[in-house]
**Q** 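Structure in structure tokens, see below.
Every chain is numbered from 1, with letters handed out A, B, ... down the list of sequences. Predicted model, so just to flag it, every value in this text is computed and none were measured.
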Number of protein chains: 2
Amino acid sequence: MHKSRLAGFIIDCETDDLKSAGRFWSEALGMTSRPEPGSGKYMILDSGEENPYVEVQKVAHPSRVHLDIESDDIEAEVARLEKLGARRIGVIKNWCVMEAPTGQRFCVVPAERPGFAAKANQWD
Amino acid sequence: MHKSRLAGFIIDCETDDLKSAGRFWSEALGMTSRPEPGSGKYMILDSGEENPYVEVQKVAHPSRVHLDIESDDIEAEVARLEKLGARRIGVIKNWCVMEAPTGQRFCVVPAERPGFAAKANQWD
């Protein structure tokens with residue numbers, strides 16, 4: 001038995017200038033932004049605590065938007081998604097990159113958003 | 001003076017089988033889904049009324065995820081975003097497709113989500 005839900009969206013930007021990328025999306029969406037401490041790769045936009053997160057990430061691949069699914073059991077969640085037709089692409093730190101049968105890449109990440117235990121979906 | 005905010009995310013799927021695409025994302029995200037009446041192009045996922053919407057769209061271009069910005073004045077919002085560095089790609093029905101300086105396509109759409117007037121950002 002484990003839980004999962006939509007965690008948020010990452011705006012992947014192929015750039016060396018994370019600050020400018022973060023500034024554009026912050027102003028476009030009308031959300032304040034702050035750098036994720038330490039990483040140098042993410043700007044966190046203030047999407048509201050109850051909402052899925054929105055982050056700008058500096059990446060080396062072509063720009064895109066991807067979504068994250070958060071779970072209290074990454075392996076069980078990845079196995080569940082594989083049964084639905086997704087495939088495992090690789091592991092980065094403590095999250096798993098997957099590809100949907102419809103072609104989009106997405107990540108399965110450790111549950112961190114407030115309200116997870118009460119609001120996430122439970123899978124038997 | 002006009003308002004805008006993040007409206008939601010569209011999961012664009014290059015497929016002729018909208019139903020299967022909708023079923024995957026519905027089960028992956030643990031959200032019920034329903035077809036948008038009449039269009040045959042969208043499945044609406046139940047992301048919660050207060051949250052940005054999540055929809056699955058059947059498209060002819062490669063699969064991706066894009067975001068929508070909703071506004072009570074499309075022309076004013078597009079002009080604001082152009083000043084930030086985005087460019088106008090084209091108009092589809094009553095929305096405008098734009099490209100961010102960081103490369104992602106996104107849309108500016110008429111405001112429709114509940115709470116827009118009270119919660120959107122106001123631009124002078």
Side-chain angles (χ1 to χ4, degrees), chain A residues 3-15 17-18 20-32 45 47-48 50-52 54 56-59 62-69 71 77 80-81 83-86 98-106 108 119-123, chain B residues 3-15 17-18 20-32 45 47-48 50-52 54 56-59 62-69 71 77 80-81 83-86 98-106 108 119-123:
Chain A
K3 291 183 177 184
S4 73
R5 67 170 176 175
L6 172 65
F9 293 87
I10 312 291
I11 302 173
D12 292 327
C13 299
E14 186 183 19
T15 181
D17 187 355
L18 174 61
S20 292
R23 188 186 310 122
F24 169 78
W25 286 106
S26 167
E27 293 178 355
L29 299 176
M31 297 175 181
T32 59
L45 303 191
S47 60
E50 293 299 307
N51 288 325
V54 180
V56 174
Q57 180 179 203
K58 184 177 79 173
V59 297
S63 290
R64 61 190 179 210
V65 176
H66 80 259
L67 63 81
D68 285 354
I69 292 173
S71 180
E77 178 65 5
R80 187 184 75 85
L81 292 161
K83 278 186 202 152
L84 298 178
M98 300 193 77
E99 187 171 287
T102 51
Q104 297 89 351
R105 296 279 169 101
F106 64 98
V108 181
K119 293 183 183 167
N121 301 287
Q122 183 166 305
W123 311 105
Chain B
K3 292 183 176 183
S4 73
R5 67 171 175 173
L6 173 64
F9 293 88
I10 311 291
I11 303 174
D12 293 325
C13 299
E14 186 185 18
T15 182
D17 187 355
L18 174 62
S20 291
R23 188 185 310 121
F24 170 78
W25 286 106
S26 168
E27 293 178 355
L29 299 176
M31 298 175 180
T32 59
L45 303 190
S47 60
E50 293 299 307
N51 288 325
V54 180
V56 174
Q57 181 179 202
K58 185 177 77 173
V59 297
S63 290
R64 60 190 180 210
V65 176
H66 80 260
L67 64 81
D68 286 352
I69 292 173
S71 179
E77 178 65 5
R80 186 184 76 84
L81 293 161
K83 276 185 202 153
L84 297 178
M98 302 193 76
E99 187 170 287
T102 51
Q104 298 88 350
R105 296 279 169 101
F106 64 97
V108 181
K119 293 181 181 168
N121 301 287
Q122 183 165 305
W123 311 105

**Q** Quick check on E77(A) against chain B: is it the side chain, the backbone, both or neither that has a heavy atom closer than 4.5 Å?
**A** side chain
**Q** Identify the heavy atoms of P52(A) and P52(B) that sit nearest to each other, and give their distance.
**A** CD-CD, 4.2 Å
**Q** Heavy-atom cut-off 4.5 Å, strictly under: side chain, backbone, both or neither for D12(B) against chain A?
**A** backbone
**Q** Count the heavy-atom pairs under 4.5 Å between each of T15(B), V65(B), V54(B), D17(B) and chain A, then report the option with the highest count.
**A** V65(B)
**Q** Ignoring hydrogens, what is the shortest heavy-atom contact between F24(B) and L81(A)? Give both atom names and the distance.
**A** CE1-O, 4.4 Å
**Q** Indicate the atoms forming the closest heavy-atom contact of N51(A) with N51(B), along with that distance.
**A** OD1-OD1, 2.7 Å
**Q** Side chain, backbone, both or neither: which part of L29(B) has an atom under 4.5 Å from a heavy atom of chain A?
**A** both
**Q** For chain B, find which of A21(A), S20(A), A100(A) contributes the most heavy-atom pairs closer than 4.5 angstrom.
**A** A100(A)
**Q** If I compare all heavy atoms of Q104(B) with all of R64(A), which pair ends up nearest, and what's the gap?
**A** NE2-O, 3.4 Å
**Q** Closest approach of R80(B) and A28(A), non-hydrogen atoms and distance?
**A** NH2-O, 2.8 Å
**Q** Please state whether the side chain, the backbone, both or neither of A120(B) comes within less than 4.5 Å of a heavy atom of chain A.
**A** neither
**Q** With only heavy atoms counted, which part of L67(B) is less than 4.5 Å from chain A, the side chain, the backbone, both or neither?
**A** side chain
**Q** Please state whether the side chain, the backbone, both or neither of V56(B) comes within less than 4.5 Å of a heavy atom of chain A.
**A** neither
**Q** Mind checking the CH2-OG1 spacing from W25(A) to T102(B)? Nearest 0.5 Å is all I need.
**A** 5.0 Å
**Q** Atom CG in L84(A), atom CZ in R23(B): separation rounded to 0.5 Å?
**A** 10.5 Å
**Q** Any chance you could measure M31(B), atom CE, to L6(A), atom CG, to the nearest 0.5 Å?
**A** 4.5 Å
